[in-house]
K.L.:
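Dumping the structure here so I can ask a few things about it.
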Protein chains: 2
Amino acid sequence: MIRVLLAEDQAMVRQGLKMMIETDKEIQVTAEAVNGKEAVELCGNHTFDLVIMDIRMPVMDGLEATRIILSRRPETKVLILTTFNDDEYALEALKSGSRGYLLKDADTSELIRSIRSCLEGGLVLEDQVAANILPKLMNHNAPEEVDESLTPRELDIICRIGEGRSNREISEELALSVGTVKNHISIILDKLELRDRTQIAIYAIRHGLV
Amino acid sequence: MIRVLLAEDQAMVRQGLKMMIETDKEIQVTAEAVNGKEAVELCGNHTFDLVIMDIRMPVMDGLEATRIILSRRPETKVLILTTFNDDEYALEALKSGSRGYLLKDADTSELIRSIRSCLEGGLVLEDQVAANILPKLMNHNAPEEVDESLTPRELDIICRIGEGRSNREISEELALSVGTVKNHISIILDKLELRDRTQIAIYAIRHGLV
DNA sequence: AACTCAATATGACGGAGGTCATGTTTTTGG
DNA sequence: CCAAAAACATGACCTCCGTCATATTGAGTT
């Protein structure tokens with residue numbers, strides 16, 4: 001038996017959802033909440049396999065409630081429920097640790113399929129939503145190409161600066177003199193048109209070298 | 001009419017797929033290729049709405065073929081076809097610009113649904129695959145929580161260090177004396193248990209403050 | 001009223017960072 | 001094989017960074 005907590009402020013939507021969900025004999029809505037705060041409290045006192053959480057609710061919204069619940073009971077699966085096919089929300093919903101994103105206009109079979117997929121470890125994502133957020137996530141760590149005039153040695157040193165090492169530490173790790181490390185850094189600063197090691201560290205991280 | 005190019009080296013799979021696809025009267029397999037190279041050549045001479053591309057093929061694999069085709073005809077949709085629910089491939093497939101990821105054991109209705117969703121701009125992703133790759137993409141910019149003992153002023157200065165500013169620049173931007181900026185930095189270093197401004201910059205980026 | 005804390009300031013001090021000039025040794029490519 | 005580039009080294013020099021001690025102001029608390 002799958003125990004579901006339904007967190008949704010609109011009684012009508014809640015009722016409709018409950019009926020749709022309980023079409024499946026193995027799934028039961030064992031509790032309902034009208035806002036995020038109630039949902040958090042219920043999760044403190046009871047155990048649920050799945051929480052279906054509306055994103056817009058009074059008192060405490062669904063994303064914050066999700067974060068709190070997962071920080072206390074990480075094994076709980078949370079599916080975010082929303083009206084809009086809004087990729088901004090989708091990203092936030094995923095960052096908060098939810099296991100997916102249900103649209104309110106989904107039909108019963110779609111709903112059941114999503115719930116079961118989620119409980120089996122899947123992440124439920126509309127194709128349209130996926131098309132919007134994946135490129136964002138990929139571009140975000142898009143490794144802009146590194147200046148190709150950099151030598152292997154210089155790249156190595158850039159990495160170490162990006163890890164927060166001092167010149168002394170770098171010189172010891174590479175069995176060089178401190179002066180040599182400084183020389184390399186001077187050349188790096190020149191090639192990359194930067195001013196100091198801090199900017200090198202930023203460069204290193206932004207270009208995915210660390 | 002939707003024109004599909006089928007790139008798959010195994011004749012049997014190709015035949016089966018073709019029959020499943022053409023269940024839908026609006027979709028037609030107008031060409032077939034037995035490896036990536038053939039697929040690329042066919043795309044040069046003809047126009048297709050969709051390419052279904054096996055990932056493992058002789059001569060040229062599906063990922064490389066995808067990259068070449070998309071560099072020449074970016075409007076083409078490519079769906080990658082594979083046997084395994086392998087997230088390593090999935091990431092590569094998405095990076096290559098494909099619009100999703102079909103499993104060979106999908107049934108006919110699933111297949112048709114995926115094709116149509118893809119042509120409508122969707123990104124087709126198994127829930128299990130999504131569950132594997134999304135955390136990877138998100139962890140990269142995982143906003144570990146920032147030390148809460150930091151004051152607003154200190155956070156501000158941390159951000160500016162994370163942008164590569166010198167003490168002098170920061171003091172001018174905030175209308176402070178250089179000494180005050182240094183004082184703040186000393187306190188920041190103490191609170192975060194760091195050693196120098198470079199490590200502060202790294203902290204700022206890793207915690208999503210910049 | 002007494003207290004705490006954030007924010008500001010000053011000046012002195014030592015050390016790390018970065019520049020420059022110069023030179024040697026290896027690697028590598030034509 | 002020779003020339004160019006990369007890697008390594010030294011020492012002098014100056015600047016910027018960060019520490020420390022000390023102090024003032026204003027906001028909020030008890």
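The chains referred to below are lettered A, B, ... by the order of the sequence lines, with proteins before strands, and numbering in each begins at 1. Every heavy atom of this structure was used, including side-chain atoms; hydrogens, water molecules and symmetry mates were not.
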K.L.:
Of A:R168 and A:N183, whose nearest nucleotide on DNA chain C comes first from the 5' end?
P.N.:
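Comparing both residues, the 5'-ward one is A:R168.
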K.L.:
Please check if the number of heavy atoms outside A:R73 that lie under 6.0 Å from its CZ is greater than 12.
P.N.:
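Enclosed: over 12 neighbouring heavy atoms sit under 6.0 Å from CZ of A:R73.
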K.L.:
So what does A:T180 touch, heavy atoms closer than 4.0 Å: a base, only the sugar-phosphate, or nothing?
P.N.:
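Base, at least one base heavy atom under 4.0 Å.
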K.L.:
Closer than 4.0 angstrom, basic N to acidic O: yes or no for A:R56 and A:E8?
P.N.:
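No, A:R56 and A:E8 are not salt-bridged.
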K.L.:
Closer than 3.5 angstrom, by distance alone: can the side chain of A:D196 be matched with the main-chain N or O of A:Q199 as a donor-acceptor pair?
P.N.:
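Side chain of A:D196 to backbone of A:Q199, a donor-acceptor pair under 3.5 Å: yes, one is there.
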K.L.:
If you draw a 6.0 Å radius around CD in A:E75, do more than 12 non-hydrogen atoms from other residues or ligands fall strictly inside?
P.N.:
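Yes.
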K.L.:
Going 5' to 3' along DNA chain C, between which two nucleotides do contacts with chain B fall, using a heavy-atom cut-off of 4.0 Å?
P.N.:
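The footprint of chain B covers C:dA6 to C:dT10.
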K.L.:
By nearest heavy atom, map B:S149 and B:L176 onto DNA chain C; which one lands nearer the 5' end?
P.N.:
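Looking at the nearest nucleotide for each, B:S149 comes out on the 5' side.
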K.L.:
Check this for me, if you would: do B:R160 and B:E163 make a salt bridge, where the nitrogen-to-carboxylate-oxygen distance has to be below 4.0 angstrom?
P.N.:
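So B:R160 does not pair with B:E163 through a salt bridge.
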K.L.:
Kindly compute the distance separating CD1 (B:I188) from CZ (B:R153), expressed to the nearest 0.5 Å.
P.N.:
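Reported value, rounded in 0.5 Å steps: 11.0 Å.
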K.L.:
May I ask you to say whether A:K191 pairs ionically with A:E154, meaning some side-chain N is under 4.0 Å from a carboxylate O?
P.N.:
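So A:K191 pairs with A:E154 through a salt bridge.
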K.L.:
Below 4.0 Å from chain A heavy atoms, what is the first contacting nucleotide of DNA chain D and what is the last?
P.N.:
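Extent of the interface on DNA chain D: D:dA6 to D:dT10.
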K.L.:
Identify whether any heavy atom of A:H184 sits under 4.0 Å from a base atom; if not, whether one sits that close to sugar-phosphate; answer base, sugar-phosphate or nothing.
P.N.:
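Since only primed, P, OP1 and OP2 atoms lie under 4.0 Å of A:H184, the category is sugar-phosphate.
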K.L.:
Which comes earlier along DNA chain D counting from the 5' end, the contact point of A:K191 or that of A:V178, where each point is its nearest nucleotide?
P.N.:
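Its nearest nucleotide lies further toward 5', so the answer is A:K191.
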K.L.:
Within a 6.0 Å radius of atom NZ on A:K104, are there more than 12 heavy atoms belonging to other residues, nucleotides or ligands?
P.N.:
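Enclosed: over 12 neighbouring heavy atoms sit under 6.0 Å from NZ of A:K104.
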